[in-house]
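Note sheet for the following structure.
Predicted model, so just to flag it, every value in this text is computed and none were measured.
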Amino acid sequence: MKKVRFAPSPTGYLHIGGARTALFNWLFAKNKNGKFVLRIEDTDNIRSSKEMSEEILKAMRWLGLEWDEGPFFQSERLDIYKKHAEKLLEEGKAYRCFCTPEEIEERRKQAEKKGIKSWKYDRKCLNLSKDEIEKFLKDGKPYVIRFKVPEGKTEFEDKIHKKVKVENSEIEDFVLLKSDGFPTYHLSVVVDDHLMGITNIIRGDDHLSNTPKQILLYKAFGWKIPEFAHLPLILGPDKQKLSKRHGVTSVLNYKKEGYLALSLVNFLAKLSWNPGEDKPFFSLEELIKRFSLGKVTKNSPVFDLKKLDFINSKVISSLKPEELYKEIIEISTDEDKSILEKDKEKTLKAIELLKTRMKNLKEFIKILKNYLSEILYYDKEGEEKFFNIEGKEYLEAYLKEIENISKDSFHQDILEKKLREKAEQIGIKAGSIIHPLRLALTGNRVSPGIFDVLVFFGKEEAIIRIKKAIEYINEKNRANNSRI
RNA sequence: GCCCCUGUCGUCUAGCCAGGUUAGGACAUCGCCCUUUCAAGGCGGCAGCACGGGUUCAAGUCCCGUCGGGGGCGCCA
């Protein structure tokens, strides 16, 4: 059975890059009917935090990336790593190094003076005699355990990059166990991946250069080497590494900003992966069915929010009002909730009416409120254009028509017929009535078809809103006159 | 500095492994249609093989180099 893992370190929140790695692992596991393990790599006890771990779990749940095993915390497994480092020590595949960081830095500088540009640890402690080691240990001199990198070269077949090879002479005798007894990343990752039965390692390209070190460790332990797949790193719009100034925040921020999890998942999936068919978005089931590492591209994609907006608008249009309602309530403030939950049936109707032209849930809430509570504001430009003497006259004229339509006949076709007749009678275009009417009803210059809007409000409320607008125009005129 | 990875429209990508395409699609953008506005939808436009050699009848595709971008080289992960 295939088994993969996502192994974030809780030194920051789950951002776009991490989420993509998690997603690809998840898709791979689901596609292969395998298992997805979550492991928190918190061995850097200074920079890691409990809060960040929680945040990462929350973000993954929001995205729908549930894990089958874990979360495991490396900080709870320190003795395991230590034992494994000591095993290599006993077998002569690793050695104690008593050099302090300062001493090493000093030697590095000396080497640079002599013109050696890429200095590696000089294996000074590899040649210590038994007696010297005994003495240092007795003195309680702190030490690290270093891996003794063997000669030769290391090759592996990456699922995405194909063949990758490195000369072992390029690799330094890296540290396995720090002097405080904590493992370094290379040790803990290899030990855990083996012990947890990970068969496929899918992670970012930033780990590609370090993979040979880990392969060397697998060999030293005599373990089966898993398959590797390194995902190209996501870049910012300036083709530079993703950073805060590119809007790289927690994925939960995207939720707050009105994006749906399915939108973000599709957006991430299509960065460096080609699903084979061109559709605005796919359901999770479709993504799982289609997923394959072979279709992951090798070059780094640029993160482009416009695409996310497009996908989000398509997902929003595709959802049922009831589903959208749930999502909207989820991100609403208490104040907004009171408006949205007051008359759920009406809210659902408004959602249905508006959803095809919404890009974003946050924006949706803002628009929705104008349909569900009293109008809080009229669009400024719209006011200047349509709330004038003529606009008022047209509103009054059409208001009379509406008042004469019975409640049972309050339908799109009749409303439209009456409006067009009225316009012709006055000698104006239908639009001259429609524009002020739209502003009066919705507070906005844009809306769904005006007759759908009328029907949505119903006769009574439509009349109230139109009257209110007329009153508003009157007051505005009075204010202007008194100023003169 | 050394090592590794990587270059197709503005962006995401198909095509490359098994050389012969008017280099295809999507987003964005522009125009037109529809139309009461805005979206949506339909139709169309602009726009790309980083550069230089080589192999070949033929190179986006194979080889070499240059340049660009990214990553790694920690008692960080």
Problem - A:Asn299 side-chain N/O to B:C12 phosphate OP1/OP2 under 4.0 Å - result: no

Exercise for the section: Measure centre to centre between the rings of A:Tyr81 and A:His186, then say whether the value is under 6.0 Å. Expected result: no

Completion exercise
Between CG of A:Leu454 and P of B:U37 the distance, given in whole Å, is 16 Å

Practice task
Kindly say whether the aromatic ring centers of A:Phe221 and A:His194 come within a distance under 6.0 Å.
Solution key: no

Handout entry: Electrostatic pair A:Arg420:A:Glu416 at N-O distance under 4.0 angstrom
Key = yes

Completion exercise
B:C76 -> Watson-Crick or G-U wobble partner, both distances under 3.5 Å, gives none

Please produce a list of atom pairs where a protein N or O lies less than 3.5 Å from an N or O of nucleotides 34-36 of chain B.
{"unit_1": "B:U36", "atom_1": "OP1", "unit_2": "A:Arg420", "atom_2": "NH2", "d": "2.7"}
{"unit_1": "B:U36", "atom_1": "O2", "unit_2": "A:Arg438", "atom_2": "NH2", "d": "2.4"}
{"unit_1": "B:U36", "atom_1": "N3", "unit_2": "A:Ile450", "atom_2": "N", "d": "3.4"}

Handout entry: Nucleotide forming a Watson-Crick or wobble pair with B:A40, both distances under 3.5 Å
Key = none

Problem - B:U8 and B:C3, which share atom name P, separated by this distance in whole Å - result: 25 Å

Practice task
Using a strict 4.0 Å threshold on nitrogen-to-oxygen distance, state whether A:Lys279 and A:Glu286 make a salt bridge.
Solution key: yes

Exercise for the section: Let me know the distance between CG of A:Asn274 and C1' of B:U11, rounded to the nearest Å. Expected result: 15 Å

Handout entry: Pairing nucleotide - B:U29, Watson-Crick or G-U, each distance under 3.5 Å
Key = B:G45

Problem - RNA chain B: 5'-proximal contact among A:Leu308 and A:Val166 (nearest heavy atom) - result: A:Val166

Practice task
Remember a base hit wins even if backbone is also touched, and classify A:Ser272 as base, sugar-phosphate or nothing at under 4.0 Å, heavy atoms.
Solution key: sugar-phosphate

Problem - Lys/Arg-Asp/Glu bridge criterion (N-O < 4.0 Å) met for A:Asp193, A:Arg39 - result: yes

Exercise for the section: Between B:C67 and B:U29, how far apart are the P atoms? Round to whole Å, please. Expected result: 38 Å

Exercise for the section: Determine, for nucleotides 65-77 of chain B in 5'-to-3' order, which nucleotides have protein heavy atoms under 4.0 Å from the base (write B), from only the sugar-phosphate (write S), or from neither (write -). Expected result: ----SSBSSSBBB

Fill in the blank from the handout: Applying side chain to side chain contact (heavy atoms under 4.5 Å, CB included) to A:Glu170 and not counting sequence neighbours gives A:Val166, A:Glu167

Exercise for the section: Could you give the distance separating B:A26 and B:C46 at their P atoms, to the nearest angstrom? Expected result: 15 Å

Exercise for the section: Would you indicate what A:Lys429 reaches in the nucleic acid, counting non-hydrogen atoms under 4.0 angstrom: base, sugar-phosphate, or nothing? Expected result: nothing

Fill in the blank from the handout: Rounded to whole Å, NE2 of A:His161 lies from P of B:C5 at a distance of 9 Å

Write out a two-atom table: protein N or O, nucleotide N or O from nucleotides 39-44 of chain B, distance below 3.5 Å.
{"unit_1": "B:A40", "atom_1": "O3'", "unit_2": "A:Lys314", "atom_2": "NZ", "d": "3.0"}
{"unit_1": "B:G41", "atom_1": "OP1", "unit_2": "A:Lys314", "atom_2": "NZ", "d": "2.6"}

Handout entry: Opposite nucleotide pairing with B:G65, Watson-Crick or G-U, both atom distances under 3.5 Å
Key = B:C51

Exercise for the section: Among A:Phe281, A:Trp273, A:Phe303, find the one that has a ring-ring contact (aromatic ring centres under 6.0 Å, His included) with A:Phe267. Expected result: A:Phe303

Problem - salt_bridge(A:Lys385, A:Glu381) N-O dist < 4.0 Å - result: no

Practice task
Could you measure between the two P atoms, the one in B:G70 and the one in B:A77, and give it in whole Å?
Solution key: 25 Å

Practice task
Between B:G53 and B:G72, how far apart are the C1' atoms? Round to whole Å, please.
Solution key: 31 Å

Handout entry: Parallel, tilted or perpendicular: rings of A:Tyr121 and A:Trp119 (30°, 60°)
Key = perpendicular

Practice task
Could you give the distance separating B:G20 and B:U11 at their P atoms, to the nearest angstrom?
Solution key: 26 Å

Exercise for the section: Could you check whether A:Lys307 gets within reach of a base, just the sugar-phosphate, or nothing at all, counting any heavy atom under 4.0 Å? Expected result: base

Problem - Atom pair distance, as rounded to whole Å: CH2 in A:Trp273 and P in B:U11 - result: 23 Å

Handout entry: Sugar-phosphate, base or nothing in reach of A:Thr297, heavy atoms under 4.0 Å
Key = sugar-phosphate

Exercise for the section: Nearest whole angstrom, please: distance from the C1' of B:A14 to the NZ of A:Lys298. Expected result: 15 Å

Exercise for the section: For A:Arg20 and B:C12, give me the distance from atom CZ to atom C1', rounded to whole Å. Expected result: 12 Å

Practice task
Can you tell me, in whole Å, how much space there is between the C1' of B:U55 and that of B:C62?
Solution key: 8 Å

Exercise for the section: Tell me, please, which residues at least two apart from A:Phe136 pass side chain to side chain contact (heavy atoms under 4.5 Å, CB included). Expected result: A:Phe98, A:Leu128, A:Lys141

Practice task
Starting from P on B:A26, measure out to CZ on A:Phe281 and report it in whole angstrom.
Solution key: 17 Å

Problem - N-O pairing of A:Arg108 and A:Glu105 below 4.0 Å - result: yes

Practice task
Hey, could you give me each pair passing side-chain hydrogen bond (donor to acceptor under 3.5 Å, both in side chains) that has a residue in residues 305-319 of chain A? Not counting sequence neighbours.
Solution key: A:Tyr259-A:Asp309, A:Ser263-A:Asn312

Practice task
Look at A:Arg290 together with A:Glu277 and state whether they make a salt bridge at an N to O cut-off of under 4.0 Å.
Solution key: yes

Practice task
Quote, to the nearest angstrom, the P distance that separates B:C51 from B:C33.
Solution key: 39 Å

Handout entry: Interatomic distance where NZ belongs to A:Lys279 and C1' belongs to B:C12 [whole Å]
Key = 18 Å

Handout entry: salt_bridge(A:Glu384, A:Lys380) N-O dist < 4.0 Å
Key = no

